[in-house]
Protein chains: 2
Amino acid sequence: MKDLVSYCPIEEVMQVLSGRWPTLLVYYLKDGVKRFSDLKRDNPTVSHKMLTFELRKLEHAGIVQRKVFEGYPLRVEYSLTAGGRGLVPLIDALGDWWDQLPGAVSMQPKIHQSALTGE
Amino acid sequence: MKDLVSYCPIEEVMQVLSGRWPTLLVYYLKDGVKRFSDLKRDNPTVSHKMLTFELRKLEHAGIVQRKVFEGYPLRVEYSLTAGGRGLVPLIDALGDWWDQLPGAVSMQPKIHQSALTGE
DNA sequence: CGGTATCCTCGGAGATACTG
DNA sequence: CAGTATCTCCGAGGATACCG
């Protein structure tokens, strides 16, 4: 039963923003409209499937807007919603806080569990 | 090669705060000092291993302070560092933003990939 | 009591191929 | 071009048991 522990907004936001891509996508989108392939190019390491999934998640959350242009070839544009734009400064604030955080031993490329247990 | 895509602070913070527990733990700790078993009691669903791991992560990031009292039985107290306390209002801001976000169709207990594709 | 080590499982996420 | 479906695999994370 992977329920939410406490139904607080914090836990809900984190469910949307957790992971490597959501915040990055918001960032790439803050400059304006981007096509799916643009975002793909911005994040070369994200898989096709993941990108679709993350964008859907953000869309369902009301952060990102998806606009389809029928035709050939197909064309889909993504942009931040008004609400989504409000998220940008908050993420910025987190970044600033992090930079000033003393002892922020700049993170290893990827935190494996082993990185903290072993070594 | 699961490197960071862009070495921006955002991606680094998210690496620490991503997941279900980090923000919750910060929240439980904002009230003051807590023992390991307290935190365990606060989050009944977190596993022993996970709790240890998440606390280590927060400690290494300089957000949480760990204090061991030798003796029997052993006793360990956790608290927010000065820097960690600075995180609390930021998390609050996220929560507020989320609450006001229109179309915030209050999230399902857990977002499965299937929840967005299938259903 | 708090932490670590070991085992095991289940689902997150990559690769690939196909549709509109 | 954008999205979905299928298959596969690896590792995050639970359960358990044992130390200081």
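Chain naming here is simple, since letters A, B, ... match the order of the sequence lines and numbering starts at 1 in each.
Rounded to whole Å, the distance from CG on B:L51 to P on D:dG14 is 11 Å. Separating the CZ atom of A:F53 from the P atom of D:dT6 is a distance of 18 Å, rounded to the nearest angstrom. A straight line from NZ of B:K49 to P of C:dT4 spans 12 Å, rounded to a whole angstrom. The OH atom of B:Y72 sits 14 Å away from the P atom of C:dG3 (whole-angstrom rounding). The distance between atom CD of A:E70 and atom P of D:dG3, rounded to the nearest whole Å, is 11 Å. Nucleotide C:dG12 holds its P atom 11 Å from the NZ atom of A:K57, rounded to whole Å. Rounded to whole angstrom, the span from the CG atom of B:L55 across to the C1' atom of C:dC1 amounts to 14 Å. The distance between atom CD of A:E77 and atom C1' of D:dG3, rounded to the nearest whole Å, is 17 Å.
For A:R56 and D:dG3, the shortest distance from a side-chain N or O to OP1 or OP2 is below 4.0 Å. Proximity of A:R66 to the phosphate of D:dA2: no side-chain N or O atom is located under 4.0 Å from OP1 or OP2.
Residue B:H48 places a side-chain atom within donor-acceptor reach of the base of C:dG3, judged by atom type and a 3.5 Å distance cut-off alone.
In this structure, the nucleotide among C:dG14, D:dC1, C:dG2 sitting nearest to the side chain of B:Y78 is C:dG2.
Axis angle across the helix from C:dC1-D:dG20 to C:dG20-D:dC1, with five pairs used at each end and values rounded to 10°: 50°.
Within 4.0 Å of A:F69, counting heavy atoms only, lies no atom of the nucleic acid at all.
Mapping B:L74 and A:V46 onto DNA chain C via the closest heavy atom, the residue that lands nearer the 5' end is B:L74.
Listed by residue number, the members of residues 32-40 of chain A with any heavy atom below 4.0 angstrom from DNA chain D are A:R35, A:F36, A:S37.
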Below 3.5 Å, can you tabulate the donor-acceptor pairs from side chains in residues 32-39 of chain B to any protein atom, sequence neighbours excluded?
unit_1	atom_1	unit_2	atom_2	d
B:K34	NZ	B:D42	OD2	2.9
B:D38	OD1	B:R41	NH1	3.3
B:D38	OD2	B:R35	N	2.9

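A donor-acceptor pair under 3.5 Å is absent between the side-chain atoms of A:S18 and the main chain of B:S18, judged by distance alone.
Counting heavy atoms from C-beta on, the side chains of B:T81 and B:V64 never come closer than 4.5 Å. Within the 4.5 Å cutoff, the side chain of B:W97 has heavy atoms near those of the A:V13 side chain.
Tracing side-chain contacts under 4.5 Å through hydrophobic residues (I, L, V, M, F, W, Y), one never reaches A:V68 starting from A:Y72; they form parts of separate clusters.
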